Number of protein chains: 2
Amino acid sequence: MTTSGKDNSIPGAVVSRLTKYLTHAQVLRGEGVQWVSSSELGEELGLTSATVRKDLAHVSVGGITNRGYEVTVLCDALLSFLGVDVGWNAIVVGAGNLGKALALHGELFRHGFAICGVFDSDGRKVGMRVGGLTVRPMSELAATIHDERVDIGVIAVPAAAAQSVADLLIISGIRGLLNLSLIHIVAPSNVPVVDGRLVARMLELGHAVRTSAARGDTSDYRLGRVGRSEDA
Amino acid sequence: MTTSGKDNSIPGAVVSRLTKYLTHAQVLRGEGVQWVSSSELGEELGLTSATVRKDLAHVSVGGITNRGYEVTVLCDALLSFLGVDVGWNAIVVGAGNLGKALALHGELFRHGFAICGVFDSDGRKVGMRVGGLTVRPMSELAATIHDERVDIGVIAVPAAAAQSVADLLIISGIRGLLNLSLIHIVAPSNVPVVDGRLVARMLELGHAVRTSAARGDTSDYRLGRVGRSEDA
DNA sequence: ACTAATTAGTGAATATTTTCACAATTCAAA
DNA sequence: TTTGAATTGTGAAAATATTCACTAATTAGT
């Protein structure tokens with residue numbers, strides 16, 4: 001019954017898992033499931049039940065002893081803990097394919113992120129439409145961040161420009177950065193940077209595939225959720 | 001002098017950092033820098049020099065005592081270690097904005113990933129052009145994986161379809177998955193899954209911004225690389 | 001009511017990862 | 001050649017993270 005909910009600095013790995021609990025709980029809610037236990041969550045997500053319980057103890061969700069966690073309560077607690085209920089204003093810098101894809105990604109909006117601007121240094125891209133937005137020049141970036149109270153900047157520019165874009169965002173008062181560029185971004189400690197570097201992820205995957213092959217892995221495979229049962 | 005290079009199962013966190021060393025070393029190479037020390041790398045990437053040295057000990061790069069690591073050797077060793085020199089065949093499932101962005105992302109090709117197909121279950125999307133490729137129907141997926149020796153599948157479909165797409169890829173013999181969907185993907189242990197779930201990353205960022213604000217962080221900020229010095 | 005079964009919460013034990021600290025080595029310069 | 005500064009590689013120590021294992025609580029069934 002403790003679950004203090006407001007401890008101090010939760011490790012990034014825990015927060016990362018919390019996002020998984022959230023999306024899985026949302027799936028369960030969509031299926032009309034009412035209760036879920038730590039062991040079920042763990043099994044589905046490849047974790048031990050103890051890890052799940054310890055993680056969830058950071059959030060204000062009380063589990064109930066012989067039932068588990070109530071799915072809707074779990075969803076709400078995680079949404080609130082992750083700040084989805086408050087919502088964020090975000091801008092995307094870089095109107096290339098990736099930047100446009102993010103700006104148009106409905107799932108982001110649905111999770112509390114309002115994309116309120118797309119910027120590009122390329123004059124030929126300025127003025128283009130991206131969904132309901134128009135690509136704006138970099139010169140308007142600082143004022144926009146200030147005037148529209150932008151919290152988050154998404155860096156979707158080539159590696160060579162990424163750090164200077166980050167610097168511009170930072171001196172303009174941005175509060176956090178999602179880095180989609182290839183390189184590591186340096187930022188002051190009060191501006192958290194989260195990496196979404198997909199090429200790097202692909203490199204990690206390549207390595208994993210290779211070592212998996214080297215180990216000669218085989219597996220007793222049972223299909224995932226979709227194949228396993230007839231869902232709602 | 002040991003640096004055995006072929007030990008056993010390197011932690012994922014190490015591999016993730018190796019991709020950072022690689023991209024940073026590539027930047028340095030582009031600038032004509034010849035040597036880099038573990039402490040320089042660590043400072044730039046926010047790590048201790050000991051971590052850098054330990055990480056690099058997994059790869060076959062010998063540092064030299066009073067100099068550090070030779071940048072070109074470091075690049076080559078990391079490229080080789082991560083399998084970029086061998087190269088991979090990849091397909092993208094889901095011809096939405098994100099899927100198209102990935103298929104068209106030049107940086108992927110430059111890092112050894114050849115996108116050799118884009119698939120979608122939506123008949124209206126089948127036949128569309130995506131760069132040099134044509135969107136194909138899901139019915140052709142299994143044969144393509146087999147015939148074109150596809151190693152990696154990128155899952156860029158809505159959450160509701162993601163696991164069944166994964167299952168299809170897996171039974172068709174895919175060797176690794178990049179998951180860009182919202183949900184956790186279940187796969188057998190011989191098919192590694194790497195998460196590139198950008199919405200989840202944004203949620204993590206929202207949390208980080210919030211706790212950063214709660215701590216009242218302020219910072220002595222010096223600009224990153226670009227602002228700090230006059231590079232080559 | 002009582003019993004059996006289940007499951008959250010958590011202190012203690014493990015396991016893993018990171019950092020420290022130092023010997024060995026190399027380079028540059030006097 | 002000698003000295004001094006720099007830097008790797010690595011055991012040992014410290015810090016973190018995960019898992020175990022047990023208690024207390026709750027429910028369902030009889």
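A, B, ... follow the sequence lines: proteins, then strands. Residue 1 opens every chain. Fair warning: this is a prediction, and the values are worked out from it, not measured in the lab.
- Val191(B) approaches Ile174(B) most closely through the heavy-atom pair CG2-O, 3.8 Å.
- Minimum interatomic distance between Ser172(A) and Leu141(A) (heavy atoms only, all atoms of both residues): OG-CD2, 4.3 Å.
- A distance-only check finds a donor-acceptor pair linking the side chain of Arg210(B) to the backbone of Phe81(A) [under 3.5 Å].
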How does protein reach along nucleotides 12-20 of chain D, written 5' to 3' as B (base within reach of a heavy atom under 4.0 Å), S (only sugar-phosphate), or - (no contact)?
B----SSBB
Short heteroatom pairs, N/O only, protein and nucleotides 2-6 of chain C, under 3.5 Å:
{"residue": "dT6(C)", "atom": "O4'", "partner": "Asn66(A)", "partner atom": "OD1", "Å": "3.3"}
{"residue": "dT6(C)", "atom": "O2", "partner": "Asn66(A)", "partner atom": "OD1", "Å": "2.7"}

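- Along DNA chain D, the nucleotide nearest to Ile64(A) and the one nearest to Tyr69(B) differ in position, and the one closer to the 5' end is contacted by Tyr69(B).
- Shown here for Leu98(B) and Leu98(A), the closest heavy-atom pair between the two residues is CD1-CD1, 4.1 Å.
- With hydrogens and angles ignored, the 3.5 Å screen pairs a side-chain donor or acceptor of Asp151(A) with a backbone N or O of Asn89(A).
- Note: CG (Leu45(B)) to C1' (dT18(C)) measures 16 Å, nearest angstrom.
- A donor-acceptor contact shorter than 3.5 Å links the side chain of His111(A) to the backbone of Glu107(A).
- What separates CD of Glu43(B) from C1' of dA6(D) is a distance of 16 Å, to the nearest Å.
- Separating the CZ atom of Arg67(A) from the P atom of dA28(D) is a distance of 5 Å, rounded to the nearest angstrom.
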Would Arg197(B) and Thr19(A) count as a side-chain hydrogen bond (donor to acceptor under 3.5 Å, both in side chains) if you check the C-alpha gap in whole Å, the side-chain angles of each, and the deciding distance to 0.1 Å?
CA-CA 10 Å; Arg197(B) 306 179 311 135; Thr19(A) 68; 3.3 Å; yes
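- Using modelled atom types, no side-chain atom of Arg67(B) and backbone atom of Val36(B) make a donor-acceptor pair closer than 3.5 Å.
- Across the protein-nucleic acid pair, Gln34(A) atom CD and dT27(D) atom C1' stand 15 Å apart, rounded to whole Å.
- Contacts of Ser38(B) with the nucleic acid, taken as non-hydrogen atoms under 4.0 Å apart, involve only primed sugar atoms and P, OP1 or OP2.
- Partners of His207(B) under the side-chain hydrogen bond (donor to acceptor under 3.5 Å, both in side chains) rule, at least two apart in sequence or in another chain, do not exist in this structure.
- In this structure, Trp35(B) places its CH2 atom 11 Å from P of dT8(D), rounding to the nearest Å.
- Leu74(B) has its CG atom 11 Å from the P atom of dT8(D), to the nearest Å.
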